[in-house]
Novice: 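Pasting a structure below so you can have a look.
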Amino acid sequence: MKITLKGNQREFEKGISALDMAGQISQDLKKKALVAKVNGEKVIELWQPIKEDCEIEFLTFEDEEGRRAYRHTASHVLAQAVKNLYPKAKLAIGPAIENGFYYDFDMEEAFTPQALQAIEKEIGRILKKNDKLEKFELPRKEAIQLMEEKGEPYKVELIQDLPEDAVISLYKQGDFVDLCAGPHLGSTGKVKAMKLTQVAGAYWRGNEKNKMLQRIYGTAFDSKEALDAHLEAIEDAKRRDHNKIGRELEYFTTVDTIGQGLPILLPKGARVIQLLQRFVEDEEQKRGYLLTKTPLMAKRDLYRISGHWDHYRDGMFILGDADDETKECFALRPMTCPFQYQVFLNRMRSYRDLPMRLGETSTLFRNEDSGEMHGLIRVRQFTISEGHLVLRPDQLEEEFKGCLELARFMLQAVGLEDDCTYRFSQWDPNNTKKYEGTPEQWEEAQNLMGSILEKLDVKHTIGIDEAAFYGPKLDIQIKNVHGKEDTLITIQIDMLLAEKFGMEYVDADGQKRRPYIIHRTSLGCYERTLALMLEKFAGAMPLWLAPTQVEVMTITDRANDWADEVASTMSMAGFRVDTDKRNEKIGFKIREAQMDKIPYMVVLGDKECEDKMVAVRDRKGNNLGVMGLDALMELLHEEVDTRAIK
RNA sequence: GCCAAUAUAGCUCAGUCGGUAGAGCAGCAGUUUCGUAAACUGCAGGUCAAGGGUUCGAAUCCCUUUAUUGGCUCCA
């Protein structure tokens with residue numbers, strides 16, 4: 001039988017197992033191979049016999065699919081350990097995920113940290129025992145019967161959802177049996193290093209109406225060293241957590257009596273956001289945007305027109321009794337659209353008025369569920385660089401491109417561009433309750449956006465059921481230090497609200513036409529952007545955004561006057577300067593300045609005083625030498641210019 | 001909203017079996033005026049998140065609420 005391996009053909013005895021095949025190629029491969037891929041499609045276990053000519057690729061821990069099989073087997077080991085220690089625990093599902101795996105259990109008793117330790121010990125025993133994994137298949141009925149006997153109602157439910165004629169595959173290791181499609185490693189001992197990382201609640205089948213199960217997260221690596229390196233990397237990432245350093249460095253804080261998701265921006269945080277806002281507003285002005293300022297709340301009547309009252313009411317803060325129609329009822333705005341559209345509606349518009357690009361630094365309020373808040377990333381009140389472009393159909397593509405270019409320009413300016421991915425967020429035709437409009441309208445808008453994305457060659461993933469209730473979105477996604485993904489920037493084609501609000505323009509032929517609308521943000525919401533920048537730079541903001549750019553310190557009182565002069569000259573020149581003239585614990589102050597991530601430190605003593613010079617150090621503690629004040633300011637100007645706009 | 005953990009001085013954290021609160025750093029006052037990672041002396045600082053309960057007695061045990069954290073579900 002002829003087997004193709006990495007492009008080379010080789011002869012093997014018919015019916016040989018993949019593992020033996022690997023062994024004949026090299027002992028090293030036999031050791032490293034985890035599973036095998038047949039004809040570039042199906043991934044099989046190594047114990048399976050190869051019966052005909054085909055192409056085989058051996059997958060190791062280096063391969064994504066190899067790692068998945070490895071961690072999937074690890075999740076079975078976890079389930080086995082839990083069943084050994086808690087026979088009453090019911091098994092749900094346990095897949096491999098990015099960087100690890102989890103398994104969901106239904107159990108009365110909560111998994112405590114001590115319990116987790118005991119489970120890890122049991123896992124160690126199972127790995128040592130090195131049971132072979134065996135695959136067997138049962139007809140649907142028998143599979144259900146087996147799982148009923150074993151008292152696994154969730155498994156029964158899973159099988160029942162499979163097609164009538166499906167042959168169900170199960171895996172057995174020792175006396176532990178699990179419903180599973182595989183593929184798996186040959187034996188439990190193949191898993192070299194496993195660690196349980198955390199316990200969490202998770203709804204059965206991801207539906208909040210279902211019972212909440214207990215999920216144990218874990219990870220597995222092909223060596224103890226790799227596992228330790230991974231755990232250390234996670235710890236390292238957490239040290240950059242904006243929610244920790246943002247509070248430590250006094251960018252923001254929260255107060256119990258103000259409430260969840262309502263952070264206080266301290267002077268540093270407020271300053272950075274002000275700088276970002278100015279940057280965005282100035283850039284938008286250059287690109288032909290008109291500035292608007294619209295109210296933060298409106299009567300429920302407005303939201304009835306826009307559809308928010310039907311589709312977004314739970315997300316809104318309502319002032320007054322929503323159900324009492326005899327009284328006025330207001331709601332804080334969760335989005336700017338229906339407000340900013342009024343600018344267009346102010347008078348009859350001509351086709352010559354289009355494109356009309358409206359921009360606003362807009363504060364929004366969303367009544368997020370109490371468990372959703374996270375530092376500055378997920379809050380209940382936030383300010384976003386919001387905007388709407390009212391367009392003729394022939395302008396849509398060009399303007400969409402303009403929005404994308406603006407977004408990329410902004411991301412580059414703040415240094416986050418390389419960390420972002422693109423997602424084309426579409427509606428779910430099976431979940432029409434959530435959305436306004438007809439399937440035809442959705443089809444049209446999505447096709448339009450799809451073809452623009454193709455034309456602009458934007459690499460993207462597709463997100464089904466991720467659209468806004470009024471239209472599809474291009475979401476620019478970014479991950480925080482915990483690996484959780486959030487939308488930083490969004491560009492949306494909104495075809496429904498224009499209709500609802502009766503927006504029209506008079507075309508060249510004198511006919512009234514419905515405009516297209518692009519709903520977009522330049523830099524997303526400022527709180528979130530600040531959070532991700534803090535994480536990206538570990539608190540060391542680039543000079544153009546640093547709340548304090550220069551700290552002036554004296555080491556003797558004789559330098560105080562000169563320090564004042566330096567500080568005031570630099571302030572007048574537009575730099576953000578802090579002075580500290582306590583001239584004591586200078587080493588401490590320098591360390592503190594570095595901790596606070598202050599880009600430049602100026603140290604003044606008798607010598608500098610006499611020569612009217614400044615001794616300069618950068619944030620890494622490098623001594624840049626003694627220079628004139630003009631030279632320092634020149635240096636700073638250059639850095640600001642290069643960082644802000646590349 | 002759901003599952004779990006946590007909440008002690010400005011910060012980081014001790015506080016045993018239930019016996020009424022402790023350290024380091026920061027702060028303040030004085031001394032020191034010194035050249036690069038915490039100078040010396042002293043002082044002050046706490047309804048132990050809030051409320052209720054059990055108890056002779058609660059930071060400690062129980063309940064409720066609030067906030068914080070990690071997930072789930074949602075979402076910028």
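Here is the naming used below: chain letters follow the sequence lines, and residue numbers restart at 1 for every chain. No experiment lies behind these values; they were computed from the predicted model shown.
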Novice: Is a donor from one side chain sitting under 3.5 angstrom from an acceptor on the other, for A:T336 and A:E386?
Specialist: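 Yes, A:E386 and A:T336 have a side-chain donor paired with an acceptor closer than 3.5 Å.
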Novice: How would you label the contact of A:G483 with the nucleic acid (heavy atoms, under 4.0 Å): base, sugar-phosphate, or nothing?
Specialist: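 Answer is nothing: A:G483 stays at 4.0 Å or more from every strand.
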Novice: Please enumerate all protein N or O atoms sitting under 3.5 Å from an N or O of nucleotides 2-9 of chain B, with distances to 0.1 Å.
Specialist:
unit_1: B:rC2; atom_1: O4'; unit_2: A:Y203; atom_2: OH; d: 3.3
unit_1: B:rC3; atom_1: O2; unit_2: A:G201; atom_2: N; d: 3.2

Novice: Using the C1' atoms only, state how far B:rG57 lies from B:rG70, rounded to an integer number of Å.
Specialist: 38 Å
Novice: Is it the case that atom CD in A:Q274 sees more than 12 heavy atoms from other parts of the structure closer than 6.0 Å?
Specialist: yes
Novice: Do A:W204 and A:E157 have side-chain N/O donor and acceptor atoms under 3.5 Å apart?
Specialist: yes
Novice: Regarding A:T292 and A:Q340, is there a side-chain donor-to-acceptor distance under 3.5 Å anywhere?
Specialist: yes
Novice: Both conditions, 6.0 Å and 45 degrees, for the charged tip of A:R240 above the ring of A:F537: are they met here?
Specialist: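 No, A:R240 and A:F537 do not form such a contact.
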Novice: So if I take every side-chain heavy atom of A:Q198 and compare against B:rC72, B:rU36, B:rG70, which nucleotide ends up nearest?
Specialist: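 In terms of side-chain proximity for A:Q198, the closest of B:rC72, B:rU36, B:rG70 is B:rG70.
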Novice: Assign each of A:E368 and A:Q260 to its nearest nucleotide of RNA chain B by heavy atoms, then name whichever residue's nucleotide is nearer the 5' end.
Specialist: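 That would be A:Q260.
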Novice: Taking only the P atom of each, what is the distance from B:rG46 to B:rU6 in whole angstrom?
Specialist: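 B:rG46 and B:rU6 have their P atoms separated by 27 Å.
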Novice: Base, sugar-phosphate alone, or nothing: which one does A:V255 contact when heavy atoms must sit under 4.0 Å apart?
Specialist: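 No contact.
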Novice: Taking atom C1' of B:rA37 as reference, at what distance in whole Å does atom CE of A:M553 sit?
Specialist: 12 Å
Novice: Look at A:K238 together with A:D241 and state whether they make a salt bridge at an N to O cut-off of under 4.0 Å.
Specialist: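 Between A:D241 and A:K238 there is no salt bridge, as every charged N stays at least 4.0 Å from the carboxylate O atoms.
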Novice: With heavy atoms under 4.0 Å as the rule, sort A:D606 into base, sugar-phosphate or nothing.
Specialist: base
Novice: Expressed as a whole number of angstroms, how long is the span from A:H242:NE2 to B:rU68:C1'?
Specialist: 13 Å
Novice: Over how many whole Å does the gap from A:D557 atom CG to B:rU32 atom P extend?
Specialist: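 For the pair A:D557 CG and B:rU32 P, the rounded distance is 11 Å.
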Novice: Dot-bracket for RNA chain B: what is it, with Watson-Crick or G-U pairs under 3.5 Å, [ ] where a pair crosses earlier ones, and | for a pair to another strand?
Specialist: (((((((..((((.....[..)))).(((((.......))))).....(((((..]....))))))))))))....
Novice: Pick the C1' atom in B:rU47 and in B:rG1, then give their distance to the nearest Å.
Specialist: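 That atom pair is separated by 32 Å.
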Novice: Tell me whether the side-chain N or O atoms of A:R378 pair up with the base of B:rC74 as donor and acceptor below 3.5 Å, since no angle test is needed here.
Specialist: yes
Novice: Looking only at atom P, what distance separates B:rC62 and B:rA7, rounded to whole Å?
Specialist: 13 Å
Novice: Please give, in whole Å, the distance from B:rG70 P to A:D369 CG?
Specialist: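 Going from CG in A:D369 over to P in B:rG70 covers 17 Å.
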Novice: How long is the line joining CG of A:N431 and C1' of B:rC75, in whole Å?
Specialist: 15 Å
Novice: Answer syn or anti for B:rU68, where the cut-off is 90° from 0 on the glycosidic torsion.
Specialist: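 That one's anti.
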Novice: Please determine which of A:T461, A:D475, A:T490 meets the side-chain hydrogen bond (donor to acceptor under 3.5 Å, both in side chains) test together with A:R423.
Specialist: A:D475
Novice: B:rU32: syn or anti, with syn meaning chi within 90° of zero?
Specialist: anti
Novice: Does a side-chain N or O of A:K211 approach OP1 or OP2 of B:rU73 to a distance below 4.0 Å, or not?
Specialist: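 For A:K211, the contact criterion (side-chain N or O under 4.0 Å from OP1 or OP2 of B:rU73) is not met.
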Novice: Side chains of A:Y341 and A:D494: donor-acceptor distance under 3.5 Å anywhere?
Specialist: yes
Novice: Report the residue (A:Q477 or A:N207) whose heavy-atom-nearest nucleotide on RNA chain B is the more 5′ of the two.
Specialist: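 Closest to the 5' end, via its nearest nucleotide, is A:N207.
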Novice: Counting any heavy atom closer than 4.0 Å, what does A:R528 reach on the DNA or RNA strands: base, sugar-phosphate only, or nothing?
Specialist: base
Novice: B:rU16 and B:rG35: how far apart are their C1' atoms, nearest whole angstrom?
Specialist: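 The same atom, C1', in both gives a distance of 49 Å.
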Novice: Which part of the nucleic acid, if any, lies within contact of A:R558, taking any heavy atom under 4.0 Å across all strands shown: a base, the sugar-phosphate backbone alone, or nothing?
Specialist: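 Contact class for A:R558: sugar-phosphate only.
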Novice: In whole angstrom, give the distance that lies between atom CD1 of A:I377 and atom P of B:rC74.
Specialist: 19 Å
Novice: When you measure from the side chain of A:H374, which nucleotide among B:rU68, B:rC75, B:rG70 comes out closest?
Specialist: B:rG70
Novice: Tell me whether the guanidinium CZ or amine NZ of A:R333 lies under 6.0 angstrom from the six-membered ring centre of A:F339 and within 45° of its axis.
Specialist: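 Output yes; distance and angle both within limits.
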Novice: If I pick the P atom on B:rU54 and the same atom on B:rA59, what distance separates them, to the nearest angstrom?
Specialist: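 My reading of the P atoms in B:rA59 and B:rU54 gives 16 Å.
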Novice: Tell whether A:R617 reaches the base of B:rU36 with its side chain through a donor-acceptor pair below 3.5 angstrom.
Specialist: yes
Novice: Using atom C1' in both nucleotides, what's the gap between B:rA37 and B:rU60 to the nearest angstrom?
Specialist: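 Between the two C1' atoms, the distance is 39 Å.
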Novice: Has A:R71 got its NZ or CZ under 6.0 Å from the middle of the six-membered ring of A:F101, at an angle within 45 degrees of the ring axis?
Specialist: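 Pair A:R71/A:F101 does not count as cation-pi.
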Novice: Separation of A:Y312 atom OH from B:rC75 atom P, in whole Å?
Specialist: 8 Å
Novice: Can you check the A:I245 CD1 to B:rU12 C1' distance for me, whole Å?
Specialist: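 Between C1' of B:rU12 and CD1 of A:I245: 17 Å.
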Novice: Between A:Q381 and A:F365 (side chain of the first, backbone of the second, donor and acceptor by atom type, cut-off under 3.5 Å), is there such a pair?
Specialist: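 Between the backbone of A:F365 and the side chain of A:Q381 there is no qualifying donor-acceptor contact (under 3.5 Å).
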Novice: Between the side chains of A:D428 and A:K434, is the shortest nitrogen-to-carboxylate-oxygen separation below 4.0 Å, so that they form an ion pair?
Specialist: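 No, no charged N to carboxylate O under 4.0 Å.
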Novice: Please check the phosphate of B:rC75 (OP1 and OP2 only) for any side-chain N or O of A:K434 closer than 4.0 Å.
Specialist: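 Indeed, a polar side-chain atom of A:K434 lies that close.
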Novice: Just checking A:E250: base, sugar-phosphate only, or nothing, at a heavy-atom cut-off of under 4.0 Å?
Specialist: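 If one applies the 4.0 Å heavy-atom cut-off, A:E250 turns out to touch nothing in the nucleic acid.
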Novice: Using atom C1' of each nucleotide, how far apart are B:rU8 and B:rA58 to the nearest Å?
Specialist: 14 Å
